[in-house]
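Below: the structure, in structure tokens.
So that the names make sense, note that chain A is the first sequence line, chain B the second, and so on, each numbered from 1.
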2 protein chains.
Amino acid sequence: MKPHEHAFLAPEKAEQVARIFKALADPTRVKILYLLSQEECSVGHIAEVLEMTQSAVSHQLSFLRHIRLVKNRRAGNMLYYSCDDEHVISLLRQAVTHADH
Amino acid sequence: MKPHEHAFLAPEKAEQVARIFKALADPTRVKILYLLSQEECSVGHIAEVLEMTQSAVSHQLSFLRHIRLVKNRRAGNMLYYSCDDEHVISLLRQAVTHADH
DNA sequence: TTCGAATATGAATATTTGTTCATATTGTAA
DNA sequence: TTACAATATGAACAAATATTCATATTCGAA
């Protein structure tokens, strides 16, 4: 079979796909997204639950916000984050379900 | 709401999940897995289609083989690789479908 | 057994990435 | 306004990662 005879992903498409998975390729982000998939959380709350520094959490949230996986809502002093991409959450849930082989 | 009141992922579970997505978090591996999801391919064939060096392809296949996402079959001089994890392929297909927003 | 083709592997390197630390910003209450 | 709490941001650093290059291995044919 010759190269041109089958469908392979165009480079930009492959990068788009990889970018989606890259967001889920870090344990910290997995934990954050899993938490946010259950309820809206403030930055400080996430940091407390996951035992991370406020700064580390904020950096990751910034990353997730830039690629539109999470959004936030201000309430006084605090920012409440929540998921903004049901499809990615769906991928996450499936992986969690199948994680134990 | 207090930390212990909601379900968050155990550290090892989060790492398992992240490990799955890490395999899909690189454009090269995405292209390789997408190709293999359609047909069994030799190393040289993959390298030709994806315009990569034989060595780079072999390294990535080694990575994918170690985590049991692909398997191979020897036929004379050549090794034919194919997918060995339908669940991961399912995740990949979904992401490809949804890649264009 | 020798040769050549296909594939694997190890070391080196450049790039990416996650965290920390220090500091800046934003909003609230006094 | 001042002071404080919550969050964001930039620089620096260490660790992880993908590729390249050179070389090793494996198999079939002669």
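Taking 3.5 Å as the limit, the base of C:dT20 and the side chain of A:His59 contain a donor-acceptor pair of atoms between them. Judged by distance alone with a 3.5 Å cut-off, a donor-acceptor contact links the side chain of B:Ser55 to the base of C:dT9.
Rounded to whole Å, atom P of C:dC21 lies 13 Å from atom CD of A:Gln54. Note: CD (A:Glu51) to P (C:dG18) measures 20 Å, nearest angstrom. Regarding B:Leu79, its CG atom lies at a distance of 14 Å from the C1' atom of D:dG28, rounded to whole Å. Atom P of nucleotide D:dA8 and atom CG of A:Leu64 are separated by 12 Å, given to the nearest angstrom. B:Asn72 places its CG atom 14 Å from the P atom of D:dT26, with the value rounded to the nearest Å. Put simply, NE2 on A:His66 is 15 Å from C1' on C:dT17, counting in whole angstrom units. A:Lys71 has its NZ atom 18 Å from the P atom of D:dT7, to the nearest Å. Counting to the nearest Å, the P atom of C:dA8 and the CE atom of B:Met78 are 11 Å from each other.
For D:dT20, the OP1/OP2 oxygens have a side-chain nitrogen or oxygen of B:Thr53 closer than 4.0 Å. Regarding contacts with the backbone of C:dT16, every side-chain N or O of A:Lys22 stays at 4.0 angstrom or more from both OP1 and OP2. OP1 or OP2 of D:dT19 sits under 4.0 Å from a side-chain N or O of B:Gln60. Proximity of A:Arg29 to the phosphate of C:dG18: a side-chain N or O atom is located under 4.0 Å from OP1 or OP2. One finds a side-chain N or O of B:Thr28 lying less than 4.0 angstrom from the OP1 or OP2 phosphate oxygen of D:dT19.
Comparing A:Gly76 and B:Val43 along DNA chain C, the residue whose closest nucleotide (by nearest heavy atom) sits nearer the 5' end is B:Val43. Of the residues near DNA chain C, A:Ala75 and A:Ala56, the one whose nearest nucleotide (by heavy atom distance) lies more toward the 5' end is A:Ala56.
With distances taken from any side-chain atom of B:Met52 to the nucleotides C:dT28, C:dT9, D:dT19, the minimum falls on D:dT19. Closest to the side chain of A:Ser58, from the set D:dT7, C:dT7, D:dA6, is D:dT7.
A donor and an acceptor atom, one from each side chain of A:Tyr34 and A:Arg93, are nowhere located under 3.5 Å apart. One side chain, A:Tyr81 or A:Arg65, offers a donor N or O that lies under 3.5 Å from an acceptor on the other. B:Gln94 and B:Ser90 share a donor-acceptor pair across their side chains, judged by distance under 3.5 Å alone.
Figure legend: B:Arg74 and B:Tyr80 shown without cation-pi pairing, the cationic atom not lying both under 6.0 angstrom from the six-membered ring centre and within 45 degrees of its axis.
In terms of heavy atoms, B:Leu33 sits closest to B:Cys83 at O-SG, 3.9 Å.
Residue-level contact check: B:Tyr81 touches the backbone only, with heavy atoms under 4.0 Å from sugar-phosphate atoms and none from bases.
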